[in-house]
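Quick notes on the structure that follows.
FYI, the numbering just counts along the sequence from 1. Owing to the predicted nature of the structure, the values given are computational and were not obtained by experimental measurement.
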Amino acid sequence: MKKKAGRNNPQKPVHSKNIARSSSFENIIDKYGNWITIGLIAILVTIVFKDYLFGNLYYLFYDFASDSMDIGYPAMVHVSNYIHTEGFPLWSFAEGMGQNIMSGSLSDPFCWIVYLSGSNNIAAAIIWMEVSKIFVTAFFFSRFLRQWKFSAIPVIIGTILYSFSGFIIIGNAWWGFSTEACFLAFLLLGFEKLYNNNEWYLFPLAIAFIAMHSPFELYTSGTFLVIYLLFRHFSSDDHSFRKLIRISIKMAGLGVLGLGIGSMLFISNCLKMIESPRVSGNFSLSHSLSSIPVFAFERMEHYVTLILRFFSNDLIGNENTFSGWHNYLEAPLFYIGLLPLLILPQLFLYLERRRRFVFGLFLILLIIPVIFPYFRYALFLFSGDYYRSYSLFISLTILLFSLYALNESATKKAFNPFLLICTLAVLFILIYLPYSTRISNLNIDGSPFSFAQNNSGKLSIDTEIRSVITIFLLLYTTIIFLLS
């Protein structure tokens, strides 16, 4: 006989009104999720870029991101003048002794927002190019997350965090990095459409856009996609080898189609890349990087930098005050919000043994190049000692796994409180440890970076940012406890 809840059976009764309110709230989020996402992104864009949007400042920089002023802006003016006077950009004698400008001017479709504004308005139009990337990236990424069957709240949170990740917000000062993040979201969406629904048309378009933007980006994003394919397949319910071979053949065929679509610019960009002195000239680091032992470790300053940059882009300085390993742009750009750091360990509570192994193996494969730099050098074909797009792959994985945990916990209405408190404690230890690391900012051959700004040679942590991080970690933990 079933006992009633009461003094002898202290089960907590669930009120029907509470269920109705929760269901009503979830229905509203599901129905208006897209509009809520757009609204929140518009608010954040206005807050972050208000001085540039309202004309108080131009999105051009004289300091660390001086490439925007020294290289990008003159090229924009030149192409814009060419289009308005000569027409379609083909050959110009204004660059060197004369060269083809078509591949450079057409490789990033967002640049046309600037070109068509006229040479007198280019400085003011650059910010609108970058803002448009954020919205397009959000569109692609939200559709990608929906392919994972996430509920509306994880989709909204994930879209905002990716669109304002450290890689995008710092990288958009150099313009090309934000485009890379946008195209990666497009590529993953095209893959998921192909894998889940056999809808093929987006995949070759994504390949074409990436190939036209940068052949090297096609290589790095393609490498990540292969690993992602294996992870996605073996973590799915239907993980037969027959399906893996079938989807691999489709991807190969559609990839060739995408290269064909973008071949006009892809071939030209390949020739330009091969002729670069960074690849085949005296500036190449391939010999020194490839001579490093395979399982050699990095300097301690590297590991401290990558740990702290999970918490904030600017925790150890920004631009000219950066006090970490390497430099502000090419050091690890792992920041993609604090909430994923809290939630990520919960993931392995909800996975069955096979999926736990696949998720864990995927993480290990991505972490190995972080621990042993030789594998990171190899990924970039020994062309440079930096993170760049690899930062995006790491932060994207952390975000995706944490959203999986969030979605599962929301479905099952449960977070593990002990694990959550332990995670919070570990995060506090990591940001409050008295790091005594000295920063040398040496290149791989032992020479100092010419742009190193850390004159003191000591790691410097911004205490105000650390205090803000502490407040938000406590706030997120409190909210999770209240909702679980």
Side-chain angles (χ1 to χ4, degrees), residues 30 33-34 37 135-163 165 168 180-211 217-218 220-258 261 336 340 347 351 355 358-359 361-363 365-366 389 392-408 411:
D30 287 336
N34 292 335
T37 305
F135 279 98
V136 175
T137 299
F139 175 81
F140 288 147
F141 198 73
S142 64
R143 296 302 184 275
F144 161 67
L145 293 180
R146 290 187 184 279
Q147 290 295 310
W148 273 73
K149 310 302 180 184
F150 290 154
S151 59
I153 292 179
V155 170
I156 294 172
I157 293 174
T159 301
I160 293 173
L161 291 180
Y162 184 81
S163 302
S165 63
I168 291 179
E180 182 176 358
C182 179
F183 286 168
L184 180 62
F186 188 20
L187 179 64
L188 291 174
L189 172 61
F191 165 78
E192 289 289 342
K193 286 281 190 179
L194 178 64
Y195 187 84
N196 293 325
N197 309 323
N198 202 27
E199 297 178 9
W200 61 270
Y201 54 92
L202 290 181
F203 189 80
L205 286 178
I207 294 291
F209 276 115
I210 296 175
E217 180 185 330
L218 179 65
T220 54
S221 296
T223 302
F224 176 75
L225 182 63
V226 170
I227 300 174
Y228 178 82
L229 162 65
L230 296 174
F231 155 72
R232 189 72 169 94
H233 178 73
F234 289 110
S235 64
S236 66
D237 293 327
D238 181 8
H239 51 278
S240 64
F241 280 98
R242 178 180 295 180
K243 181 178 180 180
L244 178 62
I245 293 172
R246 187 168 60 248
I247 192 67
S248 299
I249 293 173
K250 288 181 181 179
M251 290 173 63
L254 294 172
V256 171
L257 175 61
I261 295 172
I336 198 161
L347 169 70
L351 298 173
R355 284 194 173 95
V358 174
F359 275 70
L361 182 60
F362 186 62
L363 274 178
L365 288 175
L366 288 177
S389 57
L392 181 61
F393 302 153
I394 293 287
S395 58
L396 170 62
T397 302
I398 290 173
L399 176 62
L400 187 60
F401 283 15
S402 64
L403 292 176
Y404 189 97
L406 178 62
N407 189 74
E408 289 296 306
T411 302

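Atoms NZ and NE2, on Lys243 and His239 in that order, are 11.0 Å from each other to the nearest 0.5 Å. Note that OG of Ser142 and CD of Gln147 are 11.0 Å apart. Values are rounded to the nearest 0.5 Å. The CG atom of Leu396 lies 12.0 Å from the OG atom of Ser389; values are rounded to the nearest 0.5 Å. Going from atom CZ of Phe183 over to atom CG of Leu205 covers 11.0 Å, rounded to the nearest 0.5 Å. The structure places CE of Met251 at 5.0 Å from CG of Leu229, a figure rounded to the nearest 0.5 Å. Rounded to the nearest 0.5 angstrom, Phe186 CZ and Phe203 CZ are separated by 11.0 Å.
Put simply, the side chain of Leu145 reaches to within 4.5 Å of the side chain of Leu400, judged on heavy atoms. Side-chain contact check for Asn34 versus Arg146: some heavy-atom pair is nearer than 4.5 Å. The side-chain heavy atoms of Leu161 and Leu403, taken from C-beta on, include no pair separated by under 4.5 Å. Counting heavy atoms from C-beta outward, Leu184 and Tyr162 have side chains that approach closer than 4.5 Å.
Taking the six-membered ring where the residue is Trp, Phe241 and Phe234 present perpendicular rings, their angle passing 60° and hence far from 30°. Between Tyr228 and Trp148, the ring-plane angle classifies as tilted under the 30° and 60° cut-offs. Between Phe359 and Tyr404, the two ring planes are tilted [angle within 30° to 60°].
For Phe144 and Phe141, the ring centers sit closer than 6.0 Å to each other.
Taking both residues in full, the closest heavy atoms of Arg232 and Tyr195 are given as O-OH, 4.0 Å, listed atom of the first, atom of the second, then distance. For the pair Ala211 and Leu218, the tightest heavy-atom approach, listed with the atom from each and the gap, is CB-CD2, 4.0 Å. For Gly158 against Leu399, the heavy-atom pair with the smallest separation is O-CD2, 3.6 Å. Summarising the geometry of Ala206 relative to Leu187, their closest heavy-atom pair is CB-CA, 3.6 Å, with the distance given to 0.1 Å. Between Ile247 and Leu244, the closest heavy-atom pair is CG2-O, 3.1 Å. Contact between Ile168 and Ala181 at its shortest, heavy atoms only, is CG1-CB, 3.5 Å.
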Please assess Phe231 against Leu366 for the test side-chain contact (heavy atoms from CB on, under 4.5 Å), listing each intermediate value before the final yes or no.
CA-CA 12 Å; Phe231 155 72; Leu366 288 177; over 6 Å; no
For Asp237 and Arg355: C-alpha separation, side-chain torsions, deciding distance, then whether side-chain contact (heavy atoms from CB on, under 4.5 Å) applies.
CA-CA 10 Å; Asp237 293 327; Arg355 284 194 173 95; 2.5 Å; yes
Verify side-chain contact (heavy atoms from CB on, under 4.5 Å) between Leu254 and Ile207, making sure each step is shown before the conclusion.
CA-CA 8 Å; Leu254 294 172; Ile207 294 291; over 6 Å; no
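Judged purely by distance below 3.5 Å, without hydrogens or angles, the side chains of Lys149 and Asn407 never pair a donor atom with an acceptor atom.
Applying the side-chain contact (heavy atoms from CB on, under 4.5 Å) criterion to Leu363, with sequence neighbours excluded, gives Phe348, Thr397, Phe401.
Paired with Leu225 under the rule side-chain contact (heavy atoms from CB on, under 4.5 Å), one option of Leu188, Thr220, Ile210 passes, and it is Leu188.
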